[in-house]
There are 2 protein chains.
Amino acid sequence: MKTCCDHPPHSRRLIQTPLVELTDQLRRSARKITAPRQAILEVLRRHQHPLTNKEIHLALGKEECDLATVYRNLRTLEGMRMVARFDFGDGVARYELAGAGDEGHHHHLVCTHCTRVVELTECLPRQMEQEIAERHGFSQVTHRLEFFGVCNRCRGSHTTSLVK
Amino acid sequence: MKTCCDHPPHSRRLIQTPLVELTDQLRRSARKITAPRQAILEVLRRHQHPLTNKEIHLALGKEECDLATVYRNLRTLEGMRMVARFDFGDGVARYELAGAGDEGHHHHLVCTHCTRVVELTECLPRQMEQEIAERHGFSQVTHRLEFFGVCNRCRGSHTTSLVK
DNA sequence: GAACACAATGCAAATGGTTTGCAATCCGAA
DNA sequence: TTCGGATTGCAAACCATTTGCATTGTGTTC
């Protein structure tokens, strides 16, 4: 399989949702269908790989819009669950097109040197580190697992302090 | 159990390492034992809870040192595996005293509203979300799991681009 | 115990990702 | 076609974190 850039082929099934369907999703949600919005979704559809705001901005090419617009849209799309945000701990947010429901649920194996990303189809814990390391030719494999949710004290509140 | 501030009692065993032992660890590693260093470790020992650089800086009180020094020391201590860094995805690093080996290995359940943190003794994947939610009175529980390591292409290199 | 080498600190400025205020523009409902 | 609110571009602001540099402190050597 030919990939768009310097990353290994995906191990999970690609999300095939056509652009039309994506814009439909926008329409149904009372969001406006703007050129930047469509262009950003198209970029994410082309590169199904975690991309930073900057990378997306660059990939827009002649469809270019302001970087701030990219940021704003990704936030919006994240809120709508149309994209998923990933955090590799280097202070830069990365986004991917999200599948419907569980379809897109997956995790990543990230090289701490070059940021190369391998997508994992599994969803599993610590004992798998060794196996994952061997299967993908990585060494010194560690992982990070956090759970998020709304605690009983906060139920009903509407402001969010985390995940700004 | 009385806790230092506004968070629930810990579910895991606290790390009891006395300060002397911690400074010994510094000595053995050819690091200098400085007042800021000791003060920071002492703060982490007192609050065994993920703390941000700023929070640690504040908690130093009369032992105050420059905020930049806090940042530098936490990085150093992280490199020595004396503290563990956690990333809750809000763009702020948090640190905890690390136990030796697996002793301190654990994950967190974070309230996305108030940032309240519950420590989990388990190390487990998705199917646990429901159970965790129930046990700790959280709702809308999701999780984030990423693996990190060094890929075969990077073996031998020494610069690190991720985890800056 | 004094001298030295280098690690560590304080301070201030820089960095870099991300957000925001505001006026201009655009989308889509009526 | 009109109109109001959503969206955009631009520039400035923000904020966590890092860095340059002169100064200070620790631990080692003699």
Side-chain angles (χ1 to χ4, degrees), chain A residues 22-41 43 50-58 60 62-80 82-83 85-95 115 159-164, chain B residues 22-41 43 50-58 60 62-80 82-83 85-95 115 159-164:
Chain A
L22 292 174
T23 55
D24 264 358
Q25 210 168 329
L26 282 177
R27 204 185 322 276
R28 280 195 305 278
S29 73
R31 295 284 175 182
K32 299 198 169 169
I33 301 176
T34 64
R37 211 98 98 181
Q38 290 184 92
I40 290 169
L41 285 172
V43 165
L51 294 178
T52 65
N53 284 275
K54 242 189 213 161
E55 288 168 341
I56 294 171
H57 183 235
L58 264 177
L60 287 174
K62 51 160 60 172
E63 300 293 310
E64 172 163 6
C65 66
D66 195 86
L67 180 57
T69 300
V70 176
Y71 274 98
R72 275 188 286 232
N73 273 315
L74 287 171
R75 276 260 239 142
T76 302
L77 294 170
E78 188 194 356
M80 303 174 56
M82 288 185 68
V83 304
R85 181 161 66 112
F86 292 100
D87 185 344
F88 296 157
D90 62 347
V92 193
R94 288 178 171 78
Y95 294 88
T115 322
T159 46
T160 291
S161 54
L162 206 66
V163 187
K164 7 172 218 187
Chain B
L22 291 174
T23 54
D24 265 358
Q25 211 168 329
L26 282 178
R27 205 186 321 277
R28 281 196 304 277
S29 74
R31 294 285 173 181
K32 300 198 170 170
I33 301 176
T34 64
R37 211 100 96 180
Q38 289 183 93
I40 290 170
L41 284 171
V43 165
L51 294 178
T52 64
N53 285 275
K54 244 189 211 160
E55 287 168 341
I56 294 172
H57 183 235
L58 264 177
L60 287 174
K62 51 160 59 171
E63 301 291 313
E64 172 165 7
C65 66
D66 196 86
L67 180 58
T69 300
V70 176
Y71 274 99
R72 274 188 286 230
N73 272 315
L74 286 171
R75 277 262 238 139
T76 302
L77 294 169
E78 188 194 354
M80 303 173 56
M82 287 186 67
V83 305
R85 181 160 66 112
F86 292 100
D87 185 343
F88 295 156
D90 62 348
V92 194
R94 287 177 171 80
Y95 293 89
T115 321
T159 46
T160 290
S161 57
L162 206 64
V163 186
K164 0 175 222 188

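Lettering follows sequence order; numbering is per chain, from 1.
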Side chain proximity check, B:Leu74 to B:Glu78, heavy atoms < 4.5 angstrom: no

Looking at B:Asn53, I'd like to know whether one of its side-chain N or O atoms comes within less than 4.0 Å of OP1 or OP2 on D:dT18. no

Heavy-atom side-chain contact between A:Leu51 and A:Arg94 under 4.5 Å: no

For the helix from C:dG1-D:dC30 to C:dA30-D:dT1, figure out the bend between the end axes, five pairs an end, and round to 10 degrees. 30°

Go through the structure and list residues passing side chain to side chain donor-acceptor pair (under 3.5 Å) with B:Arg31, not counting sequence neighbours. none

The side chain of A:Arg37 lies closest to which of these nucleotides: D:dT7, D:dT17, D:dG9? D:dT7

Apply ring pair (Phe, Tyr, Trp, His ring centres under 6.0 Å) to A:Tyr71 and list each qualifying residue two or more places apart in sequence or on a separate chain. none

Taking the side chain of A:Val92 as its heavy atoms from C-beta onward, which of C:dG10, D:dG9, C:dT18 lies nearest to it? C:dT18

Are any of the side-chain heavy atoms of B:Asp87 and B:Val92 separated by less than 4.5 Å? no

Using side-chain heavy atoms (C-beta onward) and a distance below 4.5 Å, is A:Arg37 in contact with A:Leu26? yes

Side-chain N or O of A:Tyr71 closer than 4.0 Å to phosphate OP1/OP2 of C:dT18: yes

Minimum heavy-atom separation for A:Ala93 to A:Arg85, with atom names? CB-CD, 3.9 Å

Restricting both atoms to N or O, compile the protein contacts to nucleotides 19-23 of chain D shorter than 3.5 Å, with distance only.
| unit_1 | atom_1 | unit_2 | atom_2 | d |
| --- | --- | --- | --- | --- |
| D:dG20 | O6 | B:Arg72 | NH1 | 3.3 |

Near-strand residues of residues 25-36 of chain B, defined as heavy-atom separation under 4.0 angstrom from DNA chain D: B:Lys32, B:Ile33

Excluding sequence neighbours, so at least two apart, what forms salt bridge (charged side-chain N to carboxylate O under 4.0 Å, His left out) with B:Asp66? none

Any non-hydrogen side-chain atom of A:Val70 less than 4.5 Å from a side-chain atom of A:Leu60? yes

